[in-house]
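Notes follow the structure.
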Amino acid sequence: NLLMRRNIAQALPYNPANPLSVAARKPFPNFIVYIDSDWSGRSNYHALNTKLEHRARGAILTFAYTWAKSTDSKSAAAGIGASGFNGWQGFLDNHDPERDYGLSDFDVDHRLVGSFVYNLPFGSGEKFAGDATGVTNAIIGGWQMNGIYTWQRGFPLTITASDLGGLNDAQGTNRANLVGDPNPDERTVTRWFNTAAFSQPAAGTYGDLGRNTERGPGINNLDLALFKNVDLARGMRLQFRLESFNALNHTQFSGVSTNLTSANFGVVTSARPARINQLGVKLLF
């Protein structure tokens, strides 16, 4: 009973035995598009969440892993999402919403995050130079390291095709036919999936491939930070921060061309930012 939006003015399915025009097959011939809202949507989410945490005198270590599966008939009422290619108008076939039931646009089946906060054991009251005072303690004390490592699988992708001749009245889009194994022998940036496994449906037919059947590039990222804390009067603290996002400068691929009519079909087309370093000063009071 989730909120859905459907273009109920979409032409009824094309029948080659009775090849009527799009206009002749429209249930509401006075409307090109008629967006109707109803409560026919459904979704399911299942997950296993695990967490391991260790707290010590000067450190906190946390590991969290999630296995999950999210499915739905549409990931947002207006089609917003990673692969909501049908957009505001609704479904591929608005008279058969169940055709679109599949992985959610935001589904991530495996995600691992590890983080740590470590106060370096130098300076007053610490393991090393614990009796340091004055300038010495100001230099060697108050250092802290933080880090977050994230690994997760990519978001789902939908392989699209053309609505030849516009006979499906599907706002120019379609899904491909599956004719082989989409998994390549070796996944590369120029061949993220086996492009030969997909074909263009005939005019007036919908592709037999489901929604969100492939996966895009995942995340393998480490962020690190080094802090220097300086205690001031009246409980105030000055913090100098050196932060490095994607500290290992690991290439984080992102978008993939998923329209089989495109010249770069199956090619990785974008990446997330490279290493970003920043300096900051923070006053805590």
Side-chain angles (χ1 to χ4, degrees), residues 1-10 33-49 64-113 150-163 168-178 182-183 192-193 198 201 206-219 221 252-260 262 265-266 268-272:
N1 299 318
L2 299 178
L3 177 63
M4 306 299 285
R5 296 179 66 189
R6 294 189 296 135
N7 173 22
I8 60 174
Q10 182 180 5
V33 172
Y34 189 142
I35 299 298
D36 184 42
S37 296
D38 59 36
W39 301 93
S40 61
R42 64 187 180 99
S43 68
N44 284 283
Y45 178 76
H46 303 277
L48 169 70
N49 297 299
Y65 168 74
T66 300
W67 169 87
K69 185 176 183 180
S70 179
T71 55
D72 55 36
S73 46
K74 198 177 185 185
S75 293
I80 301 170
S83 61
F85 60 91
N86 292 322
W88 51 270
Q89 68 94 28
F91 301 90
L92 183 63
D93 179 2
N94 286 279
H95 306 294
D96 183 17
E98 282 299 302
R99 177 187 288 271
D100 279 28
Y101 191 85
L103 292 177
S104 301
D105 294 347
F106 49 79
D107 177 74
V108 174
D109 54 355
H110 297 283
R111 178 177 169 88
L112 173 68
V113 177
T150 303
W151 176 88
Q152 75 169 47
R153 290 240 292 164
F155 292 108
L157 299 174
T158 297
I159 307 301
T160 62
S162 294
D163 175 14
N168 293 330
D169 192 25
Q171 303 298 309
T173 193
N174 199 350
R175 287 203 286 270
N177 284 331
L178 184 64
N183 298 307
W192 191 253
F193 39 74
F198 308 100
Y206 294 109
D208 59 21
L209 194 65
R211 166 176 163 259
N212 286 342
T213 58
E214 306 304 313
R215 283 199 181 270
I219 296 174
N221 183 70
Q252 308 284 338
F253 297 118
S254 181
V256 181
S257 177
T258 57
N259 191 312
L260 64 80
S262 174
F265 176 50
V268 174
T269 57
S270 62
R272 299 177 180 89

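Here the structure is a predicted model, which means the values were calculated and not measured.
Interatomic distance, OG1 of T213 versus CZ of F193, reported as 9.0 Å (0.5 Å rounding). Put simply, CG on L48 and NZ on K69 are 15.0 Å apart, with the number rounded to the nearest 0.5 Å. Between the CG atom of L209 and the CG atom of L178 there is a distance of 5.5 Å, given to the nearest 0.5 Å.
Contact detail for D169 and A9: the closest heavy-atom pair is OD2-O, 4.0 Å. Here the closest heavy-atom approach between residue G41 and residue M4 is recorded as N-CG, 3.1 Å. F106 and S70 make their closest contact through CE1-OG, 3.4 Å (heavy atoms, listed as atom of the first residue, atom of the second, distance). Nearest approach of L92 to N174, heavy atoms of both residues: CD1-CA, 3.7 Å. Of all the heavy atoms in H110 and W151, the pair that sits closest is CB-CZ3, 3.7 Å.
The ring pair (Phe, Tyr, Trp, His ring centres under 6.0 Å) search around Y65 returns none, not counting sequence neighbours. Residues forming a side-chain contact (heavy atoms from CB on, under 4.5 Å) with P97 (at least two apart in sequence, or on another chain): R6, F91. Residues satisfying the salt bridge (charged side-chain N to carboxylate O under 4.0 Å, His left out) test with R42, not counting sequence neighbours, are E98. Under the ring pair (Phe, Tyr, Trp, His ring centres under 6.0 Å) criterion, Y206 pairs with no residue at all, not counting sequence neighbours. With sequence neighbours excluded, the residues that form a side-chain contact (heavy atoms from CB on, under 4.5 Å) with A68 are Y45, A47, T66. For the salt bridge (charged side-chain N to carboxylate O under 4.0 Å, His left out) test, residues two or more places apart in sequence or in another chain that qualify with R215 are D107, D109.
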message = Under the criterion side-chain contact (heavy atoms from CB on, under 4.5 Å), I'd like the reasoning laid out for W192 against F265: C-alpha separation, chi angles, the key distance, then a yes or no.
response = CA-CA 9 Å; W192 191 253; F265 176 50; over 6 Å; no
ask   = How far apart are the C-alpha atoms of I8 and N94, what are their side-chain angles, what is the distance that settles it, and do they pass the side-chain contact (heavy atoms from CB on, under 4.5 Å) test?
value = CA-CA 6 Å; I8 60 174; N94 286 279; 6.0 Å; no
request  = Please lay out, stage by stage, how N7 and Q171 fare under the test side-chain contact (heavy atoms from CB on, under 4.5 Å).
outcome  = CA-CA 10 Å; N7 173 22; Q171 303 298 309; 4.1 Å; yes
request  = Take D100 and K74 through the side-chain contact (heavy atoms from CB on, under 4.5 Å) test and state the conclusion after the steps.
outcome  = CA-CA 7 Å; D100 279 28; K74 198 177 185 185; over 6 Å; no
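There is no side-chain donor-acceptor pair under 3.5 Å between N221 and T150.
Between the R211 side chain and the D72 main chain, a donor and an acceptor come within less than 3.5 Å of each other. Distance alone, capped at 3.5 Å, is enough to place a donor-acceptor pair between the S75 side chain and the D105 backbone. A donor-acceptor distance shorter than 3.5 angstrom exists from the side chain of D38 to the backbone of S40, with no hydrogens or angles considered. A donor-acceptor pair is defined here as one N or O able to donate and one able to accept, closer than 3.5 Å; no such pair exists between the side chain of S254 and the backbone of S270. Between the side chain of Q252 and the backbone N or O of P217 there is no donor-acceptor pair closer than 3.5 Å. Using modelled atom types, one side-chain atom of T158 and one backbone atom of N212 make a donor-acceptor pair closer than 3.5 Å.
D93 has no carboxylate O lying under 4.0 Å from a charged side-chain N of R175, or vice versa, which leaves the two without a salt bridge.
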